[in-house]
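Just so we're clear, the structure is a prediction, and the values are computed from it rather than from any experiment. The sequence lines fix the lettering, A, B, ..., with proteins before strands; numbering per chain opens at 1.
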Number of protein chains: 2
Amino acid sequence: MPSKLRELSLEEVGMSLHSNAIHLLRDVRTEDSAMGIGPAQASALSVVVFGGPLSLNELAEAEQVRPPTMSRIVEALVREGLVRREANRDDRRSIIISSTDKGTKIIHEGRSRREKRLIKLLSQLDADEIRCLGRASRILSRILVAKHS
Amino acid sequence: MPSKLRELSLEEVGMSLHSNAIHLLRDVRTEDSAMGIGPAQASALSVVVFGGPLSLNELAEAEQVRPPTMSRIVEALVREGLVRREANRDDRRSIIISSTDKGTKIIHEGRSRREKRLIKLLSQLDADEIRCLGRASRILSRILVAKHS
DNA sequence: GCTAATCATTAGCCATGCTAAGTATGCAAA
DNA sequence: TTTGCATACTTAGCATGGCTAATGATTAGC
């Protein structure tokens with residue numbers, strides 16, 4: 001065993017990262033229940049708010065679910081007055097989904113709550129540790145994007 | 001702004017970490033469908049396999065769901081021959097849930113598939129980047145545990 | 001103008017979360 | 001001891017969110 005703080009193997013780093021990612025999400029997601037809508041609706045609405053008006057297929061693809069699943073989610077969001085569903089005049093098979101003021105508002109509030117929760121967690125750390133997490137996040141982002149090629 | 005690679009704010013690090021954690025999980029979870037059981041069953045079975053025999057309440061708490069939810073999940077696992085449900089002689093209100101050979105086998109196979117997927121993702125990185133992820137994982141682990149106190 | 005492809009929806013299945021209520025058992029105090 | 005409360009699990013019933021298959025409406029291509 002060469003080093004004092006011995007090297008972690010790829011497997012160990014991977015599994016540990018996996019486990020900690022699960023727990024981080026679980027922790028942060030607890031803030032989401034305050035939005036009063038389910039997680040799938042919250043996530044889809046977030047895409048509509050930040051990703052501009054888009055079609056049902058585009059939204060389904062962004063959320064990695066099938067169109068019928070997204071159709072039902074959008075139906076619920078429309079019923080709750082959080083998004084609008086309008087006809088697309090260029091292609092009348094298609095619809096244009098856009099956020100209402102109410103939808104935009106609750107997503108920004110939700111994002112704000114998540115941020116507060118994350119900040120509360122991360123504020124225990126020193127600057128060097130924050131830098132480490134920032135770098136780790138960039139590394140993850142890179143390999144997760146690379147896999148699509 | 002002092003530094004060349006400017007400092008990331010707490011908010012930015014947090015939100016970016018959150019987003020990347022979501023995508024990491026989404027990627028790795030795709031391997032889980034090969035187990036042929038749903039994610040809740042897979043996760044519960046994993047706890048039984050690695051966490052030894054335990055009661056329904058203990059399992060529900062470990063998985064952060066209510067007892068009725070876990071009762072139904074265990075019922076499915078029993079039906080599929082992946083766990084055993086035995087009487088507890090010391091307290092006949094309670095049950096003892098333990099893994100069968102079949103259950104243990106598919107969890108180890110699933111874990112192995114997840115590891116392979118993670119290794120495939122992480123093997124694109126150099127040693128220094130791996131160390132960074134390892135350290136980040138330990139940091140996350142520490143703050144996630146600390147919040148319980 | 002037909003035919004095929006595409007976009008969205010409907011219908012119906014399953015899994016997984018919940019609460020409320022029921023059953024069986026254990027425990028403690030009258 | 002018995003009475004009554006607490007605990008462990010199950011059952012029943014509801015909501016959400018995933019899926020496939022099939023339908024309807026519209027567009028695109030030959």
Handout entry: Reading 5' to 3' through nucleotides 20-30 of chain D, protein heavy-atom contacts under 4.0 Å coded B for base, S for sugar-phosphate only, - for none
Key = BB---BBS---
Practice task
Quick one: label A/Q41 by what it contacts on the DNA or RNA (base, sugar-phosphate, nothing), any heavy atom closer than 4.0 Å.
Solution key: sugar-phosphate
Handout entry: Rounded interatomic separation in angstrom, taking CG from B/D32 and P from D/dG18
Key = 16 Å
Practice task
Please report, rounded to the nearest Å, how far the C1' atom of D/dC19 is from the CD atom of A/Q64.
Solution key: 15 Å
Exercise for the section: Would you mind checking if A/R84 and A/D101 are paired as a salt bridge, meaning a charged N to carboxylate O distance below 4.0 Å? Expected result: no
Practice task
Would you mind telling me which residue lines up with the more 5' stretch of DNA chain D, B/E58 or A/I73, judged by nearest nucleotide?
Solution key: B/E58
Exercise for the section: Return the value, rounded to whole Å, for the distance between atom CE of B/M70 and atom P of D/dT11. Expected result: 16 Å
Problem - Separation of B/R85 CZ from B/I96 CD1 (nearest 0.5 Å) - result: 13.0 Å
Exercise for the section: Provide, to the nearest angstrom, the distance between the CD1 atom belonging to B/I97 and the P atom belonging to D/dA8. Expected result: 13 Å
Exercise for the section: Examine B/I73 and B/L54 and state if one hydrophobic cluster contains both, with Ile, Leu, Val, Met, Phe, Trp and Tyr joined whenever side-chain heavy atoms are less than 4.5 Å apart. Expected result: yes
Handout entry: Donor-acceptor under 3.5 Å (B/S43 side chain, B/A40 main chain)
Key = no
Handout entry: Atom-to-atom span, CD of B/E61 to P of D/dA8 - whole angstrom
Key = 11 Å
Problem - Heavy-atom contact window of chain A on DNA chain C, given 5' to 3' at under 4.0 Å - result: C/dA5 to C/dG12
Exercise for the section: Look only at the side chain of B/S99 and the backbone of B/V48, and say whether a donor-acceptor pair between them is shorter than 3.5 Å. Expected result: no
Handout entry: Pairs flagged by side-chain hydrogen bond (donor to acceptor under 3.5 Å, both in side chains) wherever residues 73-83 of chain A is involved - sequence neighbours left out
Key = none
Exercise for the section: Supply the atom-to-atom distance A/E58 CD to A/E63 CD, rounded to the nearest 0.5 angstrom. Expected result: 13.0 Å
Exercise for the section: Measure from the side-chain N and O atoms of A/T100 to the backbone N and O of A/L82, and report whether any donor-acceptor pair falls under 3.5 Å. Expected result: yes
Problem - Sub-4.5 Å side-chain heavy-atom contact between A/K116 and A/R111 - result: no
Fill in the blank from the handout: Walking DNA chain D from its 5' end, the first of A/P67 and B/R72 to be reached, judged by nearest nucleotide, is B/R72
